[in-house]
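Structure first, then comments.
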Amino acid sequence: MIYLDNAATTPIFPEVTQVIADTLTNQFGNPSAIYKMGKEAKRQMTTARKQIADVLNVDSNSLFFTSGATESNNWALMHMAKKSKELGYGNHIVATAIEHPSVHDVLEHLETQGFEVTYIKPNKAGEITVQQFEQASTDKTMGWVAMAVNNEVGSILPIENLAVKAEELNYWIHVDAVQAIGHDIIDLSSLPIDAFVGSAHKFNGPKGIGFLVHRPKDDKLAIKPLLHGGGQEKNKRSGTENLPYIAGMATAVTLTNDTKEDRVGQDENLATYLYESLDVAGVTYHRNGNTNPAQQANHIHNLWLPETLSSQLLIKADLKGIAISAGSACSAGSIQPSRILQAYYPDEPERWVESIRISFGYQTTKDDIDALINILN
Ligand SMILES: Cc1ncc(COP(=O)(O)O)c(C=O)c1O
């Protein structure tokens with residue numbers, strides 16, 4: 001199998017599988033138990049939390065373990081919106097129109113609950129700018145929402161500048177960084193981001209585990225419990241912790257961080273090779289996303305192949321043992337035109353159904369790209 005769909009999920013690092021197996025076998029104590037086994041499990045969990053917090057450069061007290069990014073996005077957004085409305089800060093949120101459904105659908109739900117949301121579409125150049133966010137803000141605005149890297153087209157959003165401006169204007173900011181972590185580790189120490197979300201299976205860890213970093217600039221927005229019960233996660237998310245996966249996630253993020261320079265170089269080389277090979281093979285394509293290559297991630301590529309239905313190409317690729325995608329994994333099962341491509345190219349409906357996503361991981365090679373190019377011409 002030639003796997004070019006790493007934005008959907010990534011293969012697990014062998015070292016991570018080993019840590020999970022060891023923890024499952026040898027560390028099955030409940031971290032809440034007060035005897036030695038429990039204390040050891042708790043110690044391993046504290047170490048894992050610290051490892052992840054150190055990579056992101058945040059206080060480990062602000063890091064909560066969750067079942068993944070969908071939960072983290074739901075938890076933080078619902079809380080921040082409701083609490084800030086309750087405090088009388090307003091009822092308006094500015095968000096990009098290209099968020100993952102785990103953000104977008106929460107915002108649409110909030111719109112049914114008395115909130116107003118302005119969705120920022122990419123401009124003609126495919127950019128989302130701080131200026132657009134500022135212009136869309138009103139005296140009712142409470143917060144801004146922007147992802148770090150888009151999961152369908154790979155556009156890089158200006159989260160540093162958005163975070164600084166949001167702080168200046170007294171808004172909270174929520175950042176879904178799922179597709180950035182693993183390729184570009186974000187140092188949060190100097191970034192005034194209130195809520196920051198990651199998911200282990202996008203950086204070679206297990207599925208079903210993720211985190212939320214919540215450290216609001218405004219103390220009144222301190223996170224409220226998501227689940228009530230045994231009081232785990234500082235009373236905010238009760239339920240016996242999934243220690244094997246927590247330890248696996250910590251190992252994955254540490255390995256990713258340790259090899260980040262190699263990864264950045266590899267992504268860059270593969271991206272150059274992909275576009276050179278497309279040109280050499282004479283494939284007709286247009287790159288979707290930001291027109292400025294510097295604002296495009298090197299690990300997620302979205303190509304419009306005129307007159308090639310992506311649904312048919314996906315099947316052809318599958319028959320040759322190549323996994324690619326036509327959009328986000330969550331909508332891949334149902335062949336709906338991509339909401340993200342609609343936001344980028346509102347007047348080009350053919351582009352919504354004739355585009356494919358190719359995404360690289362640590363295991364991707366030039367041979368994988370050659371195999372893909374072979375089926376494109
Ligand atoms: C940008 C982005 N946010 C959130 C998610 C959801 O992550 P999870 O699978 O951990 O719920 C994904 C996964 O596709 C994603 O790409």
Side-chain angles (χ1 to χ4, degrees), residues 1-31 40-58 60 63-72 148-149 151 176-188 196-213 232-233 237 239-267 270 299-300 323 329 359-365 368:
M1 166 59 83
I2 292 165
Y3 188 69
L4 290 168
D5 199 19
N6 292 271
T9 195
T10 57
I12 200 157
F13 284 138
E15 296 89 336
V16 172
T17 312
Q18 194 56 51
V19 167
I20 294 172
D22 288 348
T23 313
L24 272 169
T25 315
N26 306 318
Q27 193 71 285
F28 64 88
N30 188 322
E40 276 169 11
K42 178 118 186 202
R43 198 172 312 123
Q44 193 180 355
M45 201 172 67
T46 307
T47 306
R49 197 187 307 274
K50 174 108 180 47
Q51 256 178 294
I52 302 169
D54 283 353
V55 168
L56 299 171
N57 224 336
V58 292
S60 61
L63 194 141
F64 299 91
F65 296 126
T66 65
S67 66
T70 299
E71 180 183 319
S72 303
V149 171
N151 52 303
D176 172 345
V178 165
Q179 297 290 348
I181 304 167
H183 296 270
D184 175 20
I185 294 285
I186 296 168
D187 180 345
L188 284 173
F196 185 85
V197 169
S199 178
H201 75 104
K202 307 287 181 167
F203 51 84
N204 311 100
K207 294 168 186 55
I209 189 85
F211 63 82
L212 165 66
V213 172
Q232 289 88 349
E233 293 298 282
R237 184 185 183 273
T240 304
E241 302 88 343
N242 186 349
L243 182 58
Y245 277 20
I246 289 172
M249 174 161 68
T251 304
V253 88
T254 306
L255 284 173
T256 293
N257 194 41
D258 290 349
T259 54
K260 83 178 157 200
E261 261 126 59
D262 296 346
R263 188 74 66 90
V264 168
Q266 183 185 345
D267 287 342
L270 289 171
H299 60 291
I300 303 178
S359 47
F360 303 152
Y362 81 94
Q363 77 294 354
T364 308
T365 63
D368 296 341

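Positions are given from 1 along the sequence. This is a predicted model, so every value here is computed, not measured.
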(request) Taking atom types as modelled, find out whether Asp262 and Gln266 have a side-chain donor-acceptor pair closer than 3.5 angstrom. (result) no
(request) Before giving the answer on salt bridge (Lys or Arg N to Asp or Glu O under 4.0 Å), spell out for Glu233 and Arg49 the whole-Å C-alpha distance, their side-chain angles and the decisive distance to 0.1 Å. (result) CA-CA 11 Å; Glu233 293 298 282; Arg49 197 187 307 274; 2.8 Å; yes
(request) Compare every heavy atom of Thr365 with every heavy atom of Leu270, then report the nearest pair and how far apart it is. (result) CD2-C, 3.9 Å
(request) Report yes or no: does His299 contribute a side-chain atom to a donor-acceptor pair with the main-chain N or O of Gly182 at less than 3.5 Å? (result) no
(message) Determine whether a donor-acceptor pair (N or O, by modelled atom type, separation under 3.5 Å) exists between the side chain of Lys260 and the backbone of His183.
(response) no
(request) Check whether any side-chain heavy atom of Phe65 sits under 4.5 Å from a side-chain heavy atom of Leu63, and report yes or no. (result) yes
(message) Under a 3.5 Å threshold, yes or no: a donor from one side chain and an acceptor from the other, between Gln27 and Gln44?
(response) yes
(message) Using salt bridge (Lys or Arg N to Asp or Glu O under 4.0 Å), reason through Lys50 and Asp54 one step at a time and then give a plain yes or no.
(response) CA-CA 6 Å; Lys50 174 108 180 47; Asp54 283 353; 3.0 Å; yes
(request) Run the ring-centre check on Phe203 versus Phe13 and record whether the distance is less than 6.0 Å. (result) no
(request) Could you tell me which non-hydrogen atom of Leu243 sits nearest to which non-hydrogen atom of Ala41, and how far apart they are? (result) CD2-O, 3.5 Å
(request) Go through the steps for Ile20 and Tyr245 under the test side-chain contact (heavy atoms from CB on, under 4.5 Å), then give the verdict. (result) CA-CA 6 Å; Ile20 294 172; Tyr245 277 20; 3.8 Å; yes
(request) Report yes or no: do Thr9 and His201 form a side-chain donor-acceptor pair below 3.5 Å? (result) yes
(request) Mark yes when over 12 heavy atoms from residues, nucleotides or ligands other than Lys42 sit less than 6.0 Å from its NZ; otherwise mark no. (result) no
(request) Could you check Ile181 against Phe211 for side-chain contact (heavy atoms from CB on, under 4.5 Å), going step by step and ending with a plain yes or no? (result) CA-CA 12 Å; Ile181 304 167; Phe211 63 82; 3.7 Å; yes
(message) Are the side chains of Ser359 and Leu4 in contact, using a 4.5 Å heavy-atom criterion?
(response) no
(message) In the structure I gave you, are the side-chain heavy atoms of Asn57 and Asp187 within less than 4.5 Å of one another anywhere?
(response) yes
(request) Could you grab the distance from atom CE of Met249 to atom OG1 of Thr256, nearest 0.5 Å is fine? (result) 12.0 Å
(message) Tell me whether Thr10 contacts the main-chain N or O of Asn6 through its side chain, where contact means a donor paired with an acceptor under 3.5 Å.
(response) no
(message) Could you tell me if Gln363 and Asp368 have a donor-acceptor pair between their side chains, going purely by distance under 3.5 Å?
(response) no
(message) In the structure I gave you, are the side-chain heavy atoms of Ser67 and Ile209 within less than 4.5 Å of one another anywhere?
(response) no
(message) Taking side chain to side chain contact (heavy atoms under 4.5 Å, CB included) as the criterion, tell me which of Asp176, Val213, Val178, Val197 meets it with Ser72.
(response) Val197
(request) Specify the closest pair of heavy atoms between Asn204 and Pro11, including all atoms of both residues, with the distance to one decimal. (result) ND2-O, 2.8 Å
(message) Tell me the closest heavy-atom pair linking Ala7 and Asn151, and the distance in Å.
(response) CB-O, 3.9 Å
(request) Determine the minimum heavy-atom distance between Ile52 and Ala250, stating which atoms define it. (result) CG1-CA, 3.8 Å
(request) Answer yes or no: is there a side-chain heavy-atom contact under 4.5 Å between Arg237 and Thr66? (result) yes
(request) Check whether any side-chain N or O of Asn26 sits under 3.5 Å from a backbone N or O of Asp22 as a donor-acceptor pair, and report yes or no. (result) yes
(message) Between Gln232 and Gly239 (side chain of the first, backbone of the second, donor and acceptor by atom type, cut-off under 3.5 Å), is there such a pair?
(response) yes
(request) Looking only at non-hydrogen atoms, find the nearest pair between Ala180 and Val149 and report the distance. (result) CB-CG2, 3.9 Å
(request) Report yes or no: does Arg263 contribute a side-chain atom to a donor-acceptor pair with the main-chain N or O of Tyr362 at less than 3.5 Å? (result) no
(message) Between Thr251 and Glu15, is there a side-chain donor-acceptor contact under 3.5 Å, judged purely by atom types and distance?
(response) no
